[in-house]
Number of protein chains: 2
Amino acid sequence: MSKATDQNGTPVPQRLLAAATRLFAERGYDRTSVQEIVEAAGVTKGALYHYFGSKEDLLQEVYARVLRLQQERLDAFANAEAPVEERLRDAAADVVVTTIDNLDDASIFFRSMHHLSPEKNKQVRVERRRYHERFRALIEEGQRSGVFSSATPADLVVDYHFGSVHHLSTWYRPDGPLSRQEVADHLADLLLRALRP
Amino acid sequence: MSKATDQNGTPVPQRLLAAATRLFAERGYDRTSVQEIVEAAGVTKGALYHYFGSKEDLLQEVYARVLRLQQERLDAFANAEAPVEERLRDAAADVVVTTIDNLDDASIFFRSMHHLSPEKNKQVRVERRRYHERFRALIEEGQRSGVFSSATPADLVVDYHFGSVHHLSTWYRPDGPLSRQEVADHLADLLLRALRP
DNA sequence: ACCGGCAGACTAACCAGTCGGTATGTCATC
DNA sequence: GATGACATACCGACTGGTTAGTCTGCCGGT
């Protein structure tokens, strides 16, 4: 136990991030006081401001983490060796599963993004745009090769699908009738069916 | 000019509601101070607390208004004399158009609902559920009669579509390449295409 | 004379961020 | 292997600023 850890061995910065994620998702960014975060993490304000510049930095870090993860996974599926329709289906289903696995991150993402300062907001939007474009490229590839209908602009199709993904945190309940994989399969199926020529 | 109006003739409660709607959408509920609302409405706190019990009541009233409007329109389309697929298409497209017409209400709705107290939140959820169920019934009707595929549970289809509607406030820009009617037609088309048997 | 409609000063609570201080660890030097 | 210099990790009281809601009272209509 050399530094920055407690009895359970998790480093303080990670504990703070975890506590903040849970609380931000539960009560919202503005309604969560710094005091509550540090108490949940078992430290004090001094520790928080030692590792993070501000409360906002904490929020941005939550975003950065989830964005990195999703982009990584999308790239892996999109660049795989398989027919377009299969790659799209896999990518579309995967983002649903990982979103369900991190519902807290998801609800923070779409409810608290506008709480970031303009610069940080811009930074997040840039990252998000890259993700969007990779997904769109996949759809356009299928449209060019004729396996997907070109009736709808690819951009709109992407927004259609990600609307439903963001919406997951509103209605999905782990104890509901459908498992995350079933939901993912259904939503991917809806996307592919909408794209049939 | 007898009471509760100013130079432009709009009653004070409505001016307060309009100012609150705009500001809540712009900066979020928590970031909007009561002082800012009353200044935007051209009155003072005394006036606000004369008509509304609390800041939260103001938010709830915004919800109630938009819910009534949407429910009314859905019922009209769903109960019309026409084939199911046409009624669903019309209803699905209409909710997109009216959402775009009231983007402020939409973003408040999905970003600030969790700021309501538990009781008021429950009340809103009940209303929202009725809306959801009317829409679902429409899809189930089509599934039973065989014009829609039954591959996906109707519930999930509804959430899929409303996810995209909710998401509109994130990406739709009035000065973008697509008019609200074009967006509505495309989104309704995607829904209907996904439901093809 | 009374009352709805409103003004605006006031209060009690809260909160992000600061800052001086302490404890523990590391490393160079003798 | 003792000593001192310095750094890292953290504590917690304090501050300056903000905010929702209250309350007293004025004002114009009936």
Side-chain angles (χ1 to χ4, degrees), chain A residues 1-21 23-24 26-62 108 112 114-121, chain B residues 1-21 23-24 26-62 108 112 114-121:
Chain A
M1 182 166 26
S2 63
K3 66 165 186 175
T5 65
D6 81 341
Q7 52 276 28
N8 65 30
T10 312
V12 168
Q14 294 180 34
R15 292 217 317 275
L16 283 165
L17 223 43
T21 301
L23 289 167
F24 287 165
E26 211 168 89
R27 329 220 236 266
Y29 177 76
D30 282 326
R31 302 245 168 147
T32 305
S33 72
V34 169
Q35 193 57 41
E36 287 171 325
I37 297 172
V38 297
E39 270 168 26
V43 293
T44 61
K45 286 190 175 188
L48 192 153
Y49 285 98
H50 178 72
Y51 291 109
F52 299 92
S54 65
K55 184 185 175 186
E56 207 191 340
D57 281 0
L58 219 46
L59 180 58
Q60 197 192 17
E61 195 49 40
V62 173
I108 294 173
S112 304
H114 62 296
H115 287 143
L116 281 175
S117 65
E119 325 113 56
K120 290 184 179 170
N121 199 305
Chain B
M1 182 169 22
S2 62
K3 65 165 186 173
T5 63
D6 81 343
Q7 50 276 26
N8 64 30
T10 312
V12 169
Q14 294 182 31
R15 293 217 316 275
L16 283 166
L17 223 44
T21 301
L23 288 168
F24 287 166
E26 210 169 272
R27 334 220 236 264
Y29 177 76
D30 282 325
R31 303 245 166 148
T32 305
S33 72
V34 169
Q35 192 58 42
E36 288 171 323
I37 297 172
V38 297
E39 270 169 24
V43 292
T44 62
K45 285 192 176 186
L48 192 153
Y49 285 97
H50 179 72
Y51 292 108
F52 299 91
S54 65
K55 183 184 175 187
E56 207 191 342
D57 281 0
L58 219 47
L59 180 59
Q60 197 192 17
E61 194 49 39
V62 173
I108 294 173
S112 305
H114 63 294
H115 287 143
L116 282 175
S117 64
E119 327 113 55
K120 290 182 179 171
N121 200 304

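From a predicted model like this one, the values you see are computed outputs, not experimental measurements. Any value given below was found using the heavy atoms of this structure, including those in side chains, with hydrogens, waters and symmetry copies removed. Just so it is clear: chains get the letters A, B, ... in the order the sequence lines come, proteins before strands, and each one is counted from 1.
Here CD1 of A/Ile37 is found 10.0 Å from CG of A/Leu17. Values are rounded to the nearest 0.5 Å. Remark: A/Tyr51 OH to A/Leu16 CG distance equals 8.5 Å, nearest 0.5 Å. From B/Thr21, atom OG1 reaches atom CD1 of B/Ile108 across 5.0 Å, with rounding to the nearest 0.5 Å. The distance from atom CG of B/Asp30 to atom CZ of A/Arg31, rounded to the nearest 0.5 Å, is 4.0 Å. The distance from atom NZ of B/Lys120 to atom NE2 of B/His115, rounded to the nearest 0.5 Å, is 14.5 Å. The CD atom of A/Glu56 sits 10.5 Å away from atom CG of A/Leu58, with the distance rounded to the nearest 0.5 Å.
Here D/dG21 presents its P atom at 8 Å from CD of B/Glu56, a figure rounded to the nearest Å. B/His50 places its NE2 atom 14 Å from the C1' atom of D/dC27, with the value rounded to the nearest Å. Distance CZ (B/Arg31) to C1' (D/dA20): 17 Å, rounded to an integer number of Å. Between the C1' atom of D/dA20 and the CG atom of B/Asp57 lies a distance of 13 Å, rounded to the nearest Å. The distance from atom CG of A/Leu48 to atom C1' of D/dA9 is 13 Å, rounded to the nearest whole Å. At whole-Å resolution of the value, OH in B/Tyr49 and P in D/dG25 are 22 Å apart. Spacing between atom CD of A/Gln35 and atom P of C/dT18 amounts to 15 Å, rounded to whole angstrom units. Remark: P of D/dT19 and NZ of B/Lys55 are 9 Å apart, rounded to the nearest angstrom.
B/Arg27 places no side-chain N or O within donor-acceptor distance of the main-chain N or O of B/Thr32, the cut-off being under 3.5 Å.
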Q) For nucleotides 8-14 of chain C, read 5' to 3', which letter fits each nucleotide if B means a protein heavy atom sits under 4.0 Å from the base, S means only the sugar-phosphate is that close, and - means neither? A) B------
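Stem regions annotated for DNA chain D: C:1-30 with D:1-30, counting only runs of 3 or more consecutive pairs of Watson-Crick or G-U type with both contacts under 3.5 Å.
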Q | Worked check of side-chain hydrogen bond (donor to acceptor under 3.5 Å, both in side chains) between A/Glu39 and A/Gln35 | A | CA-CA 6 Å; A/Glu39 270 168 26; A/Gln35 193 57 41; 3.2 Å; yes
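Because its NZ or CZ atom is not both nearer than 6.0 Å to the ring centre of B/Phe24 and within 45° of the ring axis, B/Lys55 does not count as a cation-pi partner of that residue.
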